[in-house]
Amino acid sequence: EVTLVESGGGSVHAGGSLRLSCKASGYIVSGSCMAWFRQRPGRGRERVAIMDGGGIIDYANAVKGRFTISKDNFENILYLQMNNLEPADTAMYSCAAVDGRTCTTGFDYWGQGTQVTVSS
């Protein structure tokens, strides 16, 4: 059974930083397509950052230059480092994984999410 468990959310002031973690079990993060999504209040889910199995990365325009996606292949964890946070970043953040190397198909596995709240 594959499980993805996020942690690291919390409440911070604007300009602050958080690092989200997504611990995978029953799934190997190395060489796999994984991503971070968020759902802000009153909005649909949006993709924030994605890394394919070859290490190619893409970010949503709203977070470029502030967020960094990375993997710890030894610990089997996906990270999202979030710097210079803004109130507009307030959302439930979830990680997702594809059962494969490429990101051309839909995501097969989802975590339960971790809440990030940024106050002005």
Side-chain angles (χ1 to χ4, degrees):
E1 179 187 7
V2 175
T3 59
L4 303 174
V5 179
E6 301 94 336
S7 61
S11 298
V12 297
H13 291 293
S17 298
L18 287 172
R19 188 177 76 161
L20 305 184
S21 300
C22 172
K23 174 67 174 176
S25 298
Y27 180 88
I28 298 174
V29 302
S30 174
S32 299
C33 173
M34 298 186 75
W36 286 98
F37 287 78
R38 69 183 180 186
Q39 185 154 17
R40 294 185 277 181
R43 300 191 182 195
R45 186 169 59 197
E46 60 180 324
R47 194 179 74 199
V48 172
I50 189 168
M51 179 187 289
D52 75 3
I56 296 175
I57 292 171
D58 190 36
Y59 297 99
N61 287 336
V63 307
K64 280 182 181 176
R66 300 188 298 121
F67 290 13
T68 303
I69 188 172
S70 63
K71 292 178 180 175
D72 183 329
N73 294 329
F74 181 77
E75 297 292 338
N76 215 37
I77 296 175
L78 178 74
Y79 291 109
L80 185 68
Q81 177 68 43
M82 306 186 296
N83 297 329
N84 195 21
L85 283 160
E86 304 168 353
D89 295 318
T90 294
M92 178 69 76
Y93 286 75
S94 300
C95 64
V98 173
D99 203 2
R101 185 177 178 84
T102 63
C103 300
T104 54
T105 62
F107 288 89
D108 301 291
Y109 311 109
W110 293 85
Q112 82 290 347
T114 185
Q115 178 68 38
V116 172
T117 303
V118 185
S119 59
S120 56

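Being a predicted model, the structure only gives us computed values, none of them experimental.
For the residue pair Lys71 and Val29, the shortest heavy atom distance occurs at NZ-O, 2.8 Å. Heavy atoms only, all atoms of each residue included: Leu4 and Cys95 are closest at CB-SG, 3.7 Å. For Ile57 against Met51, the heavy-atom pair with the smallest separation is CD1-CE, 3.5 Å. Contact record, Ala49 with Leu80: CB-CD1, 4.1 Å, taken as the closest heavy-atom pair. Taking every heavy atom of both residues into account, Asn76 and Tyr27 meet most closely at ND2-O, 2.6 Å. A pairwise comparison of heavy atoms in Tyr59 and Thr68 identifies OH-CA, 3.3 Å as the closest pair.
Taking CE of Met92 as the reference point, atom CD of Gln112 lies at 8.5 Å (rounded to 0.5 Å). Here CG of Leu78 is found 4.5 Å from CE of Met34. Values are rounded to the nearest 0.5 Å. Annotation: the span from Met82 atom CE to Trp36 atom CH2 amounts to 8.0 Å, rounded to 0.5 Å. Distance check: Ile50 CD1 to Phe107 CZ gives 4.0 Å after rounding to the nearest 0.5 Å.
Trp110 has its ring centre less than 6.0 Å from the ring centre of Phe37.
Annotation: side chain of Tyr93 is not in contact with side chain of Gln39 (no heavy-atom distance under 4.5 Å). Between Tyr79 and Asp72, some side-chain heavy-atom pair lies under the 4.5 Å cut-off. At a threshold of 4.5 Å between non-hydrogen side-chain atoms, the residues Asp58 and Arg47 count as touching. Proximity of Arg38 to Thr90: side-chain heavy atoms (C-beta onward) are nowhere separated by under 4.5 Å.
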**Message:** For a salt bridge (charged side-chain N to carboxylate O under 4.0 Å, His left out) check, start with the C-alpha distance between Arg40 and Asp89, then their side-chain angles and the critical distance, and finish with the verdict.
**Reply:** CA-CA 8 Å; Arg40 294 185 277 181; Asp89 295 318; 6.0 Å; no
**Request:** Start with the C-alpha distance between Cys33 and Arg101, add both sets of side-chain angles, then the distance that settles side-chain contact (heavy atoms from CB on, under 4.5 Å), and finish with yes or no.
**Result:** CA-CA 5 Å; Cys33 173; Arg101 185 177 178 84; over 6 Å; no
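Follow the hydrophobic side-chain contacts under 4.5 Å out from Val5 and you never reach Tyr109; the two are in separate clusters.
In terms of modelled atom types and a separation under 3.5 Å, the side chain of Asp52 and the main chain of Ile56 share a donor-acceptor contact.
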Please table the atom pairs, donor to acceptor, closer than 3.5 Å between any side-chain atom in residues 10-26 and protein atoms at least two apart or in another chain.
from  : atom 1 : to     : atom 2 : distance (Å)
His13 : ND1    : Ser119 : OG     : 3.0
Ser17 : OG     : Asn83  : OD1    : 3.0
Lys23 : NZ     : Glu75  : O      : 2.5

